[in-house]
Amino acid sequence: MSKFRVVTPKGASFTVAGGGYDYEREALDPIGAEIIEAPANEAEFIAAAKTADAIYAKGMPITKAVIDALENCKVITLGSVGVDSVDVKAATARGIPVTNIPDTFIEEVADHAMMLLLAGFRRLIEQDKMVRSGRWAEGRPALLKIPRLMGQTLGFISFGRVARAVAKRAAPFGLRMMAYDPFIQETLMYDHGVIPATLSEVLSQSDFVSMHAPARPEVHHMLTEKHFRQMKKSAIFVNTGRGATVDEEALIKALQEGWIAHAALDVLEKEPPSHNNPMLGMDNVTLTAHVASASARFDEARKRRVGYELSLVLQGMWPVSCVNPSVLQNTALRRWQPVSMDRGPNS
Ligand SMILES: NC(=O)C1=CN([C@@H]2O[C@H](COP(=O)(O)OP(=O)(O)OC[C@H]3O[C@@H](n4cnc5c(N)ncnc54)[C@H](OP(=O)(O)O)[C@@H]3O)[C@@H](O)[C@H]2O)C=CC1
Ligand SMILES: O=C(O)C(=O)CO
């Protein structure tokens with residue numbers, strides 16, 4: 001009989017083809033913790049998770065109803081940066097720490113954001129189609145209409161870890177950069193050659209708007225019609241954050257009516273999109289399938305980090321990355337390292 005039960009919804013998202021090796025186990029086996037898969041529907045999950053020592057959240061939303069039913073849970077662990085699949089407020093109210101993996105694949109996501117920006121700007125998909133369909137001669141005239149990249153303005157919405165890594169990549173291209181993020185110190189922006197700005201300034205002055213806001217209830221549909229109307233007609237909108245931060249209907253209207261030029265998106269409101277999502281047929285949209293974090297090291301890095309966070313808490317210690325750290329002081333867990341209490345609105 002295992003000492004600790006970690007319950008997780010069956011049918012994980014993210015997993016490599018064929019399942020992959022359970023790197024979490026390298027941290028969990030030595031402490032006698034077992035990962036148990038439970039059906040990914042709320043009622044059956046609650047029945048299996050009620051007495052669990054920990055929840056490993058993936059795929060299924062961990063709602064208030066699930067959280068309120070937990071009798072013995074010491075931590076809810078996420079194998080992602082985004083914490084939108086867990087009701088963090090409900091966990092905080094129950095005094096349960098929630099952990100994520102914020103520093104695991106920043107570089108991959110930043111590479112992807114930069115790729116989307118460049119592909120949208122240099123019209124990669126359109127150029128590729130022209131060559132394949134025998135319209136070679138149309139390629140050059142299409143690009144003769146666009147400005148050169150150097151000197152264009154890149155505006156960030158949110159200036160967290162990923163946006164900062166994008167800024168490092170964008171600086172050598174000679175882009176002017178500005179950012180809206182009321183939650184971080186302006187010095188961090190200046191350190192990256194980025195000018196602090198209001199949301200309106202970012203929207204109205206940027207040639208590229210790169211969206212990195214986390215999907216929290218208060219950030220839901222942060223960008224609406226009025227925001228797309230403020231953007232330049234030539235603007236390219238890049239989103240590698242979360243689809244829910246954008247009113248997708250408004251974005252589609254903006255693209256169809258020419259308020260902005262192009263959207264390059266790794267994330268959508270509904271993933272995968274339904275077959276009648278108009279963006280699937282639009283030439284001024286570049287899409288990838290929420291894959292920005294993926295690389296050959298993704299599965300191992302994510303699982304090892306999840307195993308580490310779980311094993312710390314199950315052995316009675318503070319986790320390394322807690323999104324609601326205010327709860328830690330009221331737990332029996334031991335503080336063994338400095339942890340920043342300065343986290344977002346949910347903490
Ligand atoms: N496409 C993909 O595969 C991936 C997507 N992501 C998404 O990207 C997002 C950003 O990642 P990352 O940069 O690592 O996250 P960070 O937590 O490092 O940065 C997010 C920043 O946004 C700030 N913020 C919070 N609310 C607002 C708001 N209303 N307006 C402006 N800024 C706000 C945060 O402040 P504070 O910390 O105070 O809350 C923080 O400074 C993640 O939340 C995740 O959803 C991440 C990885 C992979
Ligand atoms: O970590 C996240 O938030 C992701 O979206 C991973 O793909």
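When a ligand or atom number is given, it counts from 1 through the structure's own listing order. All residue numbers refer to positions in the sequence shown, counting from 1.
- One finds a salt bridge joining Arg297 and Glu108 here, because a Lys/Arg side-chain nitrogen approaches an Asp/Glu carboxylate oxygen to under 4.0 Å.
- Residue Arg216 touches ligand 1 through its side chain alone, judged by heavy-atom distances below 4.0 Å.
- Side-chain atoms of Glu249 and His221 form no donor-acceptor pair, as typed in the model, at a separation below 3.5 Å.
- Residue-ligand proximity, Asp266 to ligand 1, at heavy-atom distances under 4.0 Å covers atoms 1 (N), 2 (C), 3 (O).
- Atoms of ligand 2 found under 4.0 Å from any heavy atom of Phe105, numbered from 1 in the order shown, are 1 (O).
- Ligand 1 has an N or O atom lying under 3.5 Å from an N or O atom of Val162, backbone or side chain.
- We find that Glu271 and Arg242 are not joined by a salt bridge, their nearest charged nitrogen and carboxylate oxygen being 4.0 Å or further apart.
- Inclusion of Arg161 in the set of residues having an N or O under 3.5 Å from an N or O of ligand 1 is warranted.
- Ligand 1 places these atoms under 4.0 Å from at least one heavy atom of Pro214: 22 (O), 24 (N), 25 (C), 43 (O).
- Annotation for ligand 2: atoms under 4.0 Å from non-hydrogen atoms of Arg242 are 2 (C), 3 (O), 4 (C), 5 (O).
- If you number the atoms of ligand 2 from 1 as listed, the ones under 4.0 Å from a heavy atom of His290 come out as 4 (C), 5 (O), 7 (O).
- Counting only heavy atoms from C-beta outward, the side chains of Phe237 and Ser206 never approach each other to under 4.5 Å.
- Within the 4.5 Å cutoff, side-chain heavy atoms of Lys129 are placed close to those of Arg135.
- Scanning Asp181, Asp84, Val83 for the heavy atom closest to atom 23 (C) of ligand 1 points to Asp181.
- For the atom pair Met279 CE and Asn284 CG, the distance stands at 10.5 Å (nearest 0.5 Å).
- The atoms of ligand 1 that sit less than 4.0 Å from any heavy atom of Gly82 are 44 (C), 45 (O).
- Thr51 and Asn72 share no side-chain donor-acceptor pair at under 3.5 Å.
- Near Ile184, meaning under 4.0 Å from any of its heavy atoms, are these atoms of ligand 1: 41 (O).
- The option with the heavy atom closest to atom 9 (C) of ligand 1, from among Met222, His212, Arg242, is His212.
- Numbered from 1 in the order shown, with element, the atoms of ligand 1 that lie under 4.0 Å from a heavy atom of Ser158 read 21 (C), 22 (O), 23 (C), 24 (N), 31 (C), 32 (N), 33 (C).
- Residues Asp22 and Glu24 are in side-chain contact: their nearest non-hydrogen atoms beyond the backbone lie under 4.5 Å apart.
- Put simply, part of Pro182 is less than 4.0 Å from ligand 1, judged by heavy atoms.
- Residue Val81 has at least one N or O atom closer than 3.5 Å to an N or O atom of ligand 2.
- Ring planes of Phe156 and His212: tilted class, angle from 30 to 60°.
- Atoms of ligand 1 lying under 4.0 Å from at least one heavy atom of His290, given by number and element, are 1 (N), 2 (C), 3 (O).
- In terms of polar-atom proximity, defined here as any N/O pair under 3.5 Å, Gly82 does make such a contact with ligand 2.
- If you number the atoms of ligand 1 from 1 as listed, the ones under 4.0 Å from a heavy atom of Tyr180 come out as 30 (N), 31 (C).
- Under 4.0 Å from ligand 2, the heavy atoms of Ser293 that appear belong solely to its side chain.
- A side-chain donor from one of Asn100 and Ser321 sits under 3.5 Å from a side-chain acceptor of the other.
- A salt bridge between Arg305 and Glu309 is present, with a side-chain N of the basic residue lying under 4.0 Å from a carboxylate O of the acidic one.
- Taking all heavy atoms of Thr240, Asn239, Val219 into account, the minimum distance to atom 4 (C) of ligand 1 is reached by Thr240.
- Leu116 places none of its side-chain heavy atoms less than 4.5 Å from the side chain of Ile236.
- His220 places no side-chain N or O within donor-acceptor distance of the main-chain N or O of Pro217, the cut-off being under 3.5 Å.
- Atoms of ligand 1 lying under 4.0 Å from at least one heavy atom of Val109, given by number and element, are 47 (C), 48 (C).
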